[in-house]
Amino acid sequence: INAEYMGRIDSFKMASATQDKSDNSFEDLVELLRKPQLTRKEEDLLKMLPLLKEVEFFKTRNLSNSELVSVTKCLEYKYAKANEAVIEYGTYGTTFYIILKGKVSIQVPELVAKKLEMLNDRDEGSSEKKEGADNEFVMKEVCVLEAGKYFGELALITKMPRSAAAVCKEETHFAVMEKSAYERMLKKYEQKILKEIVNFLFSIPLFVEWSRRDVSKLQYFFERKEYKRNRAVYRIGEAAQNIYIVRKGEFEVTCKVDTPLSKKVKTIQSIS
C-alpha cells in the first residue's frame, strides 16, 4: 500500500512539475514577446525559438530555424479580456492570431451557421429562409479554438472582409503578426496548406456544391488525428461527438445484430 501511495505521489509530482514547466515557458514567451521588436537582441530571439516550437501552430509547420527566427522578429504579444471581440464580422483583416493561452469562440451569422450544421445533421440546416431572416443579424458559435490554434489568415490571404467574428470566452493571450509581416513570412506557406485542405474537401461529394470560400472556412472545424491499426475510433453506444473523414487508410464499421442465439457483431462496410 505504501509503495502504491508513494507511486501516486511521484506521479502527482511529475504532473505538477510538467505544469510548472509549461507555465514558466508561457510566462517567458510572453515576457519576450512584450519587448518592442526593434529592441530585441539576438539572445532574445534564440530564447524564443524553443518556446515557440512548443506551440502547436509551429509544431505542425516545417519551418527551418532561420525561417522561425525571421518569424519571431515580427511576432508581438496581445492580451484580450473575456467576452472581448478581437475580430468583428465583415471587417477587413490586418492581423493574424495564434492563441498562446485561453479560448476563442468563432461566430458566424445565423444563416451561414445553418449551412455548417448540415455537416452534423443533413435534415437540419434547411435552405429555406425564415420570415424576417433578411433583417436579423444573430451571431452563432460554430467552434471554439484553444491554445495552439490560429485564425485571421483567410481575410489576409483572400483580401476579403472577415467571414466570422472571434470572441474570447475567457482571458486570452495571443502571439500576433501584422498583415505586412504575414504576407512576407507566412502567406505563401499558409496558402499552400489551405489549398491542400480545400482540394481534399472538394474531392468529397458532400462539398462539391459549396463555394471555395465556404469550404476554406471548414479548416477551423477539422482536427487532424492519426489512429494505429486495430484501434477503435469510437464504440457502439458512445455519444456522438465528431464526424470523421478518412484522408488516408481504411477502417471498418460494425454493429450488433440480434440473432436467435446471441448478439453478434456484423461488419457493415469497410471505408477508405
Side-chain angles (χ1 to χ4, degrees), residues 26 28-81 84-102 104-108 145-168 172-198 211-220:
F26 165 73
D28 291 342
L29 181 56
V30 168
E31 183 180 352
L32 291 166
L33 289 172
R34 283 181 184 274
K35 287 189 176 184
Q37 294 179 12
L38 295 178
T39 65
R40 292 177 192 169
K41 300 177 181 178
E42 184 178 351
E43 61 186 53
D44 294 326
L45 301 177
L46 293 177
K47 285 180 183 177
M48 267 199 272
L49 282 182
L51 299 176
L52 285 176
K53 286 180 179 179
E54 292 302 310
V55 178
E56 183 182 340
F57 173 81
F58 293 105
K59 280 183 179 180
T60 56
R61 266 66 182 169
N62 295 320
L63 296 175
S64 66
N65 280 342
S66 61
E67 289 172 326
L68 196 52
V69 166
S70 297
V71 169
T72 60
K73 292 179 181 178
C74 302
L75 288 174
E76 296 180 332
Y77 171 74
K78 179 178 175 63
Y79 166 81
K81 298 179 291 186
E84 181 177 340
V86 291
I87 283 181
E88 298 282 356
Y89 171 78
T91 59
Y92 282 89
T94 59
T95 310
F96 172 63
Y97 296 81
I98 300 170
I99 304 172
L100 299 177
K101 191 174 185 179
V104 176
S105 169
I106 302 299
Q107 303 174 1
V108 298
L145 304 180
E146 301 187 5
K149 299 298 184 182
Y150 61 97
F151 60 92
E153 81 289 357
L154 283 181
L156 301 183
I157 291 174
T158 63
K159 298 183 179 179
M160 299 288 287
R162 299 283 196 191
S163 57
V167 181
C168 297
T172 306
H173 307 262
F174 302 94
V176 300
M177 183 180 286
E178 293 305 311
K179 180 179 180 179
S180 58
Y182 178 84
E183 289 179 339
R184 291 197 315 272
M185 304 292 175
L186 293 175
K187 183 176 179 179
K188 287 185 179 179
Y189 192 81
E190 293 302 308
Q191 274 182 318
K192 181 180 177 182
I193 293 176
L194 180 60
K195 184 177 180 180
E196 290 174 355
I197 294 172
V198 170
S211 71
R212 193 169 190 86
R213 192 181 183 202
D214 284 342
V215 171
S216 297
K217 299 173 193 173
L218 292 179
Q219 65 170 314
Y220 295 123

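Worth knowing before you read on, the calculation uses all heavy atoms, side chains too, and leaves out hydrogens, waters and symmetry mates.
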Interatomic distance, CG@Leu194 vs CZ@Arg212, rounded to 0.5 Å, equals 7.5 Å

Closest contact, heavy atoms only, Leu75 versus Ala175:
CD2-CB, 4.3 Å

Provide the full list of salt bridge (charged side-chain N to carboxylate O under 4.0 Å, His left out) pairs with a residue in residues 31-46, sequence neighbours left out, each pair given once.
Lys35-Asp44

Quick one, Phe174 and Val104 - any side-chain contact, counting heavy atoms below 4.5 Å?
yes

Kindly indicate whether a cation-pi arrangement holds for Lys187 with Tyr182, taking the cut-offs as under 6.0 Å to the six-membered ring centre and within 45° of the axis.
no

Test item: Cys168 and Tyr79 side chains (from C-beta on) under 4.5 Å apart, heavy atoms
no

Show every salt bridge (charged side-chain N to carboxylate O under 4.0 Å, His left out) that has at least one partner inside residues 150-168, sequence neighbours left out.
none

Is Ile193 close to Thr60 at the side-chain level, that is, under 4.5 Å between some pair of heavy atoms?
no

Hey, could you give me the CZ/SG distance between Phe96 and Cys74, rounded to the nearest 0.5 Å?
12.5 Å

Which residue pairs satisfy the salt bridge (charged side-chain N to carboxylate O under 4.0 Å, His left out) criterion with at least one member in residues 61-81, sequence neighbours excluded?
Arg61-Glu190

Residues passing the side-chain hydrogen bond (donor to acceptor under 3.5 Å, both in side chains) test with Glu56, sequence neighbours excluded, are Lys149

Rounded distance [0.5 Å steps], OG1 in Thr172 versus CD in Glu146
10.5 Å

Evaluate the side-chain proximity of Asp28 to Lys47: yes if any heavy-atom separation is below 4.5 Å, no if none is.
no

Run Leu33 and Leu100 through side-chain contact (heavy atoms from CB on, under 4.5 Å) and show every step you take.
CA-CA 11 Å; Leu33 289 172; Leu100 299 177; 3.8 Å; yes

About how many Å separate NZ of Lys53 and CG of Leu51, when rounded to the nearest 0.5 Å?
11.0 Å

List the atom of Ile87, the atom of Gly152, and the distance in Å for their closest heavy-atom pair.
CD1-CA, 4.1 Å

Which atom pair, heavy atoms only, marks the closest approach of Ala164 to Val108?
CB-CG1, 3.8 Å

What residues, two or more places apart in sequence or in another chain, satisfy side-chain contact (heavy atoms from CB on, under 4.5 Å) together with Ser180?
Arg184

Rounded to the nearest 0.5 Å, what's the gap from CG on Leu186 to OH on Tyr150? Could you check?
10.5 Å

Look at the side chain of Tyr77 and the backbone N and O of Leu29, then say whether any donor-acceptor pair between them is shorter than 3.5 Å.
no

Taking the side chain as every heavy atom from C-beta outward, state whether Phe58 and Val71 have any atom pair closer than 4.5 Å.
yes

side-chain contact (heavy atoms from CB on, under 4.5 Å) evaluation trace for Leu145 with Ile99
CA-CA 8 Å; Leu145 304 180; Ile99 304 172; 3.7 Å; yes

Is there a side-chain contact between Phe151 and Ile98 in this structure, where contact means two heavy atoms from C-beta onward sitting under 4.5 Å apart?
no

Which value, rounded to the nearest 0.5 Å, describes the distance between Glu178 atom CD and Thr94 atom OG1?
5.5 Å

Search all heavy atoms of Glu183 against all heavy atoms of Leu156 and return the closest pair with its distance.
OE2-O, 4.3 Å

For Tyr189, ring pair (Phe, Tyr, Trp, His ring centres under 6.0 Å) partners two or more places apart
none

